[in-house]
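Nothing here was measured: the structure is a model prediction, and the numbers come from that model.
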Amino acid sequence: MNHADARSADASAVALPETAAAHPTGPAAPRRGGAAGPVALVVGGALSVQFGAALAVLLIPRAGALGVVTLRLTLAALVLLLVCRPRVRGYSRSDWGTVVAFGAAMGGMNVCIYQAIDRIPLGAAVTLEVLGPLALSVVASRRLLSLVWAGLALAGVVLLSGGGFDRLDPVGAGFALAAGALWATYIVFSARTGRRFPQADGLALAMAVGAVLSLPLGLAEAGTRLAVPSTLALGLAVALLSSVLPYTLELIALRRIPAGTFAVLMSLEPAVAALAGFLVLRQALSATDAAAIALVIAASIGAVRSRTRPRPTTGD
């Protein structure tokens, strides 16, 4: 599913996406001017990620959850390697250790979130997944107000689970929470990769690492079903929608808007996921579910804004 996603180079400034991630070219100074264009790009990227995830749910009966992960990562890696043509010489052992850790986190995150969306609704899965990056933002903030946002998120999770995860499949909820923890790890290593590798080279190499790690799992679960032409075509669509297209849109947007603004927009991903689940998978939300998702979104936005807001300074 969604994310694995490279989304802001300064990991500590981002609460989320997918947020997942790191701006592979490093932080860029925002351009002055209207923000409608880059905002549309970020929203378009979020729509692409979550509708790609919804398409992946439809593909799971054909290839299994692990098979879909393998198709997504492998095909996305092939596209990125062909487009980026990353240099592989001249890097230190530490550089390669960083990119391998980034790829391992990416692969693990995808495995967990696809296992989750195979068991629980897409909107609920992404809402639980978002807690990982949210926790990272709260810890990085070191502000008392961050505890308020953490409490708000916790209230949303309790509401979503109906007071106990027995309302959701507990295994699916566990996989979604594990995906969130790996998402936070992904953010940290994607930021480090962005500082060590130029352009999107680190992202392409990490995607290849994730593909290699997921390949045995996908082959064990799906075997020759992965080679069926229609399955390959759908897998390519998932790879393009969930990885290649959103990364491209977000890289362009991050050159024109601040990372904090980007993170606030990415905080809306649970709502986008719920919309994709409703339109594509006919997964209707109850009023309680909608309220729970709204609480987590509000907590994410609040955590991002408190993290990126400059601290007041005292004069002499």
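Nearest approach of T70 to G218, heavy atoms of both residues: OG1-CA, 3.2 Å. Among all heavy-atom pairs drawn from A76 and A239, the shortest one is N-CB, 3.7 Å. Residues G210 and L73 approach most closely at O-CD1, 3.6 Å, considering heavy atoms. The two residues S230 and R62 come nearest to each other via the heavy atoms OG-NH1, 2.8 Å. Shortest non-hydrogen contact noted between G235 and L75 is C-CD1, 3.5 Å. Closest heavy-atom contact between A184 and G132: CB-O, 3.7 Å.
Contact of the R196 side chain with the S94 side chain is registered, since non-hydrogen atoms from C-beta on lie closer than 4.5 Å. Proximity of R225 to T231: side-chain heavy atoms (C-beta onward) are nowhere separated by under 4.5 Å. Here the side chains of V49 and L241 are not in contact, with every heavy-atom distance at 4.5 Å or above. Two residues are said to be in side-chain contact when any heavy atoms from C-beta on lie closer than 4.5 Å; L47 and V272 meet this criterion. Residues L232 and L71 are in side-chain contact: their nearest non-hydrogen atoms beyond the backbone lie under 4.5 Å apart. Looking only at side-chain heavy atoms (C-beta outward), L275 and Q50 stay at 4.5 Å or farther from each other. When side chains are defined from C-beta on, L203 counts as touching L80, because their heavy atoms get closer than 4.5 Å. Counting heavy atoms from C-beta on, the side chains of V69 and L217 never come closer than 4.5 Å.
Residues passing the side chain to side chain contact (heavy atoms under 4.5 Å, CB included) test with A116, sequence neighbours excluded: I113, A125, F175, A176. Qualifying side chain to side chain contact (heavy atoms under 4.5 Å, CB included) partners for L152, counting only residues two or more places apart in sequence or in other chains: W149, L295, A298, A299.
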Chi angles and distances behind the side chain to side chain contact (heavy atoms under 4.5 Å, CB included) call for D118, V68: CA-CA 11 Å; D118 190 31; V68 174; over 6 Å; no
Is there a side chain to side chain contact (heavy atoms under 4.5 Å, CB included) between V296 and V130? Walk through the geometry before answering. CA-CA 8 Å; V296 173; V130 157; 4.1 Å; yes
Begin from the C-alpha positions of Q115 and L66 and carry the test side chain to side chain contact (heavy atoms under 4.5 Å, CB included) through to its verdict. CA-CA 8 Å; Q115 291 288 345; L66 296 176; 3.5 Å; yes
Pair M109-E129, side chain to side chain contact (heavy atoms under 4.5 Å, CB included): steps then yes or no: CA-CA 9 Å; M109 180 177 65; E129 185 191 25; 3.9 Å; yes
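Checking D95 against T98 by side-chain atom types alone, no donor-acceptor pair falls below 3.5 Å.
With Q283 contributing its side chain and L122 its backbone, the two residues share a donor-acceptor pair below 3.5 Å. Judged purely by atom type and a 3.5 angstrom limit, S190 uses its side chain to pair as donor or acceptor with the backbone of I187. Distance alone, capped at 3.5 Å, is enough to place a donor-acceptor pair between the N110 side chain and the M106 backbone. S214 places a side-chain N or O within donor-acceptor distance of the main-chain N or O of A211, the cut-off being under 3.5 Å.
Taking CG from L281 and CZ from F51, the interatomic distance works out to 9.5 Å, rounded to the nearest 0.5 Å. The distance from atom CD1 of I120 to atom CG of L128, rounded to the nearest 0.5 Å, is 5.5 Å. Rounded to the nearest 0.5 angstrom, I297 CD1 and I293 CD1 are separated by 6.5 Å.
In the hydrophobic cluster analysis, where Ile, Leu, Val, Met, Phe, Trp and Tyr join through side-chain heavy atoms closer than 4.5 angstrom, V212 is grouped apart from L182. Linking Ile, Leu, Val, Met, Phe, Trp and Tyr whenever their side-chain heavy atoms come within less than 4.5 Å leaves V57 and V171 in two separate clusters. Under the 4.5 Å side-chain heavy-atom criterion for grouping Ile, Leu, Val, Met, Phe, Trp and Tyr, L58 is connected to L226 within one hydrophobic cluster. Note on L82 and L205: separate hydrophobic clusters, where clusters join Ile, Leu, Val, Met, Phe, Trp and Tyr whose side-chain heavy atoms are under 4.5 Å apart, directly or indirectly. Linking Ile, Leu, Val, Met, Phe, Trp and Tyr residues whenever their side-chain heavy atoms come within less than 4.5 Å leaves V228 and I60 in two separate clusters.
R87 forms a cation-pi arrangement with Y91, by the criterion of a distance under 6.0 Å to the ring centre and an angle within 45° of the ring axis.
Between F102 and the choices F197, Y186, F189, the ring pair (Phe, Tyr, Trp, His ring centres under 6.0 Å) rule is met once, by Y186.
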